[in-house]
Amino acid sequence: MKPFNHCAKPHKDILEGKFSLETYAAKICEVYRQGKNCPEEYLDPKTFFDRTFRTKSFDKILDDVEGRLKGDTKKDSFNNITTPFGGGKTHTLIGLLHKSKEWNAKTIVLDGQELNANKETLWGYIEKELDGKIEKLGGKAPPGSKDLMKVLEKHQPLLILIDEAMHYVGNARAIKAESGTLADLTIKFFQQLTTAVSSLDKVCVVCTVPASTIEFASDEEGEKLFKSLQKVIGRSDKVITPITSDEIPNVIRRRLFSGTDKEILDKAEENISSFADYCETEKILPEGLTSVKYRKELERSYPFLPHVIDVLYENWGTIRTFQRTRGVLRLLSMVVHSIVARHGDAPSFISTADFDLSDNDIQRELISHIDEHFSGIIHKDITSENSGAKRIDKDMGQGSDFGERVATTIFMYSHSGDPNAKINATITDIKRAVCNQNTIPATIDTVIQKAQENLAFLHQTGDRFHFKLTGNLIKLKNDTVENLKLEEIEDEKRQLITTNLKNSQFDTYLFPESSKDVKDNTELKLVILDKDPTKMQDIVDNHGESPRVNRNTIFFVCPNESDLLSFEKILKDKIAYQKLKEENIVDKENKEELKRHLDRCNSDLPTFVAKCYRSIWIPEKDGLKEIMAVKPSVGESISKNIYEELKSNEKINESLGPKTLKRMFLTEDSVDVKQIYDTFLRTPGEIRIKDESVLKDCINNGVNSRDFGLGKLVDGKPDYV
């Protein structure tokens, strides 16, 4: 597979990082005046046409205007170019301006963004441009069609290019004239202009009007003026769309890369075939497309994957400030530059996953069209070293960047100016954007699962994912966890352990404050507390102010440090989810998810607490000794797990053999049974029996086996029973 820049070489200005707004949005008046700040590619006709994809509509308007200027009255005299903001209107006018010189036609340009409505009228400006002075078309009142004809006819063949007419009309609203405003009079002027040019064989007007008035006014008056202008121009115009959506990829390729389409696609043939076959094999083709049809899509959009153009043009392109063609060109030039500058060689295709959101230019360009708070979301979830995406990549290992690529793709799918648009990415969309022939798509399933756990502003609807300004359930939970009070956590921990210790095999004590709180009795005691050897030893040695008698009856259990973090995390999560449920602040789409998380926490916590509290500390002759209980099975309690571990290590005995008792204690003719029992209870490290019944059974068995006898002391001598 070849890097894309081996097949499609970026133009020099892109490699050098020259992507100022003027590079992709030249002003017609700057080209008309041969302005010093105008990029050379717009001033020089050859360079301009070399880097311009000749759409069908573009060629058609060139042909029609040329015909009209040469006297073909079947061609329209008034052409109206209407497209969404940034749809190629000005670019078309610049092409006409250059061609008019070849046709030996006189051309004047009226730029509605540059003309000052306070100082000049459109009709006065036309006469000044043609005759060098204003004599016949002066004043605020628009001239009649006959007066206009007298000024225009002597300059035939004449091309009049009017860009952004609505801008001028919008500005003219504030200027009082006659019984209304200059805006009203300007619209009347257009009525007269359409009539005048239709009567002149070699005069042609090309005027641009946006598809909607949203850029200028959202009030009733602005909307009324806009509709009036459209109606007037529509009487005799020819509505032209310079670029269709099918032609956008060709426009982009010609503008950003050198070489003809055939040259580029011949070099990229292997890339295209290989990726189409890969998508078919892995079942990640776009819905409704065969590999043959998708191959055609890849050819059309190369070196970009098709979804890049679709997302930018159809979604981002509907955002009011994002000028479709020039906005896409400017952004993609930044992306191409960042990839080549970062990698030297590059991927075989450019995907949304390759948009480097940590690049200041790219991020600023995107954020300028959406809510600025998304900048913080990009930092927190995608680009910072501690971001959720970077944590995913660390978990995936081996230099993975899947976390960042998945998050970036979802982010690019998440924005549109159309409230009815689908601003989300399916799992298949994500896989197609992130994977290449060296990737197993199933890997992305794991990444997406981790993304749901790590990205605070990622939301899911069915199998679709998108970013929102509001945090998702995990974000709300994490914020709640951060604000938990220590006593809330400790109370929940105590309640959980208390519940876990019901029906304990031990006399249990939970986080005693002093040695006095632990009884000095003959029962086996389980003392649960945080790891504190000094406090443990104090409990072994003392019962409040008095020395402890039954020191060999105590076992301590502390949290195992390697399990503590997991236990405390799920404990805090449970408290947070419970709070969110009680506060009822989770939106509808997250309530079911909240219930699932809370149920899972409640189900998992008993096992987690038993896994955590399994570090056992036992009083021995030379001090406290630690042993680690095995991790319990699901459903086991702390006490059962500890008891089974102590029993298997013979630290608790449920039975005792007579010969063992005889060997240990019958070193003389007799020994007091109470002394034996007291030794078990009082001497750290001595044999520990479950309870006194174990000693009784041992003695009964010893008498029956004649290992020893049982009697009473009478006058200081044994009297055998």
Side-chain angles (χ1 to χ4, degrees), residues 11-14 16-54 58-59 61-62 65-66 68-70 79 81 86-117 119-134 137 151-152 154-165 167-168 171 202-208 242-243 251 254-256 258 323 325-326 329-330 333:
H11 285 307
K12 183 180 178 183
D13 57 346
I14 295 173
E16 293 175 350
K18 295 178 181 178
F19 28 71
S20 64
L21 185 60
E22 291 73 20
T23 304
Y24 303 98
K27 296 178 179 178
I28 181 69
C29 63
E30 287 290 319
V31 181
Y32 179 54
R33 304 292 184 193
Q34 293 289 293
K36 293 181 180 180
N37 296 324
C38 187
E40 179 64 25
E41 65 191 75
Y42 289 101
L43 293 175
D44 178 60
K46 184 179 185 306
T47 304
F48 175 83
F49 284 106
D50 282 347
R51 298 180 72 165
T52 296
F53 177 74
R54 302 281 287 263
F58 186 74
D59 278 344
I61 192 172
L62 290 180
V65 171
E66 180 183 12
R68 183 70 187 191
L69 293 176
K70 291 181 178 180
N79 296 273
I81 302 177
K89 302 184 294 290
T90 304
H91 200 85
T92 301
L93 294 187
I94 294 173
L96 287 167
L97 178 60
H98 287 312
K99 283 294 183 181
S100 67
K101 296 176 183 178
E102 295 181 16
W103 303 330
N104 296 314
K106 185 174 182 64
T107 306
I108 60 172
V109 170
L110 291 78
D111 189 335
Q113 290 181 308
E114 295 296 319
L115 291 174
N116 188 336
K119 297 180 179 180
E120 51 196 341
T121 62
L122 296 185
W123 46 95
Y125 178 83
I126 288 174
E127 185 181 11
K128 184 179 178 181
E129 285 295 294
L130 292 175
D131 296 332
K133 56 186 177 180
I134 303 175
L137 306 183
V151 172
L152 302 178
K154 59 187 176 183
H155 295 285
Q156 297 184 86
L158 173 63
L159 175 61
I160 301 174
L161 302 176
I162 306 175
D163 198 18
E164 303 293 359
H167 261 289
Y168 183 88
N171 292 333
K202 295 184 180 181
V203 177
C204 187
V205 175
V206 181
C207 179
T208 72
I243 305 171
V251 172
R254 181 65 61 86
R255 179 60 187 83
L256 300 184
S258 60
Q323 301 178 14
T325 302
R326 68 186 67 162
L329 286 171
R330 176 174 156 82
S333 69

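When a residue number appears, it is its place in the shown sequence, counting from 1.
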Practice item. Decide side-chain contact (heavy atoms from CB on, under 4.5 Å) for Tyr32 and Glu129; before the verdict, give the C-alpha distance in whole Å, the side-chain angles of both, and the deciding distance to 0.1 Å. Key: CA-CA 12 Å; Tyr32 179 54; Glu129 285 295 294; 2.7 Å; yes
Study note, to complete from the structure: From the list Val206, Leu110, Thr107, side chain to side chain contact (heavy atoms under 4.5 Å, CB included) partner of Ile160 resolves to Leu110
Exercise for review: Find out whether Leu137 and Thr121 are in side-chain contact, i.e. whether some heavy atom of one side chain is under 4.5 Å from a heavy atom of the other.
Suggested key: no
Practice item. Before giving the answer on side-chain contact (heavy atoms from CB on, under 4.5 Å), spell out for Ile126 and Leu152 the whole-Å C-alpha distance, their side-chain angles and the decisive distance to 0.1 Å. Key: CA-CA 9 Å; Ile126 288 174; Leu152 302 178; 4.0 Å; yes
Practice item. Check the pair Arg54, Leu62 against side-chain contact (heavy atoms from CB on, under 4.5 Å), reporting the backbone distance first and the verdict last. Key: CA-CA 10 Å; Arg54 302 281 287 263; Leu62 290 180; 3.7 Å; yes
Review point. With distance as the sole test, does Ser258 use its side chain to make a donor-acceptor pair with the main-chain N or O of His11 at under 3.5 Å?
Key: no
Review point. Can you tell me how far the CG atom of Asp163 sits from the OG1 atom of Thr208, to the nearest 0.5 Å?
Key: 4.0 Å
Practice item. Quick one: do Asp131 and Lys154 satisfy salt bridge (charged side-chain N to carboxylate O under 4.0 Å, His left out)? Show the steps, please. Key: CA-CA 10 Å; Asp131 296 332; Lys154 59 187 176 183; 3.6 Å; yes
Point to revise | Shortest non-hydrogen contact from His98 toward Leu43 | key: CE1-O, 3.3 Å
**Study point:** Shortest non-hydrogen separation from Arg254 to Asp50 and the atoms involved
**Key:** CD-O, 3.1 Å
Check your understanding: When rounded to the nearest 0.5 angstrom, what distance separates CG in Leu158 from CZ in Arg68?
Key -> 11.5 Å
Practice item. Give the ring-plane orientation class for Tyr42 versus His91, where under 30° counts as parallel, over 60° as perpendicular and anything between as tilted. Key: perpendicular
Practice item. Would you check if Thr90 and Lys27 make a side-chain contact, meaning some heavy-atom pair closer than 4.5 Å? Key: no
Revision key, fill the gap. Here the pair of heavy atoms bringing Gln156 nearest to Lys202 is OE1-N, 2.8 Å
Practice item. Starting at CD of Glu120, measure out to CD1 of Ile134 and round the result to the nearest 0.5 Å. Key: 7.5 Å
Point to revise | Test item: Leu256 and Ile14 side chains (from C-beta on) under 4.5 Å apart, heavy atoms | key: yes
Check your understanding: Do Leu97 and Leu93 pass the side-chain contact (heavy atoms from CB on, under 4.5 Å) test, and can you show the C-alpha distance, the side-chain angles, and the key distance before you say yes or no?
Key -> CA-CA 6 Å; Leu97 178 60; Leu93 294 187; over 6 Å; no
**Study point:** Salt-bridge present (Arg255, Glu41; N to O < 4.0 Å)
**Key:** yes
Review point. Shortest non-hydrogen contact from Val205 to Ile162?
Key: CG1-CD1, 4.0 Å
Review point. Would you say the side chain of Val109 lies within less than 4.5 Å of the side chain of Arg33, judging by non-hydrogen atoms?
Key: no
Check your understanding: Where do Pro157 and Leu69 come nearest, in terms of heavy atoms and distance?
Key -> CB-O, 3.3 Å
Point to revise | For Asp111 against Ile28, the heavy-atom pair lying closest together | key: OD2-CG2, 3.7 Å
Exercise for review: With the side chain counted from C-beta on, respond yes when Glu114 and His167 share a heavy-atom pair under 4.5 Å apart, and no when they do not.
Suggested key: no
Exercise for review: Return yes if some donor-acceptor pair links the side-chain N/O of Gln34 with the main-chain N/O of Val31 below 3.5 Å, else return no.
Suggested key: yes
Exercise for review: Flag the pair Ile94 / Thr52 as yes when at least one side-chain heavy-atom distance between them is below 4.5 Å, and no otherwise.
Suggested key: no
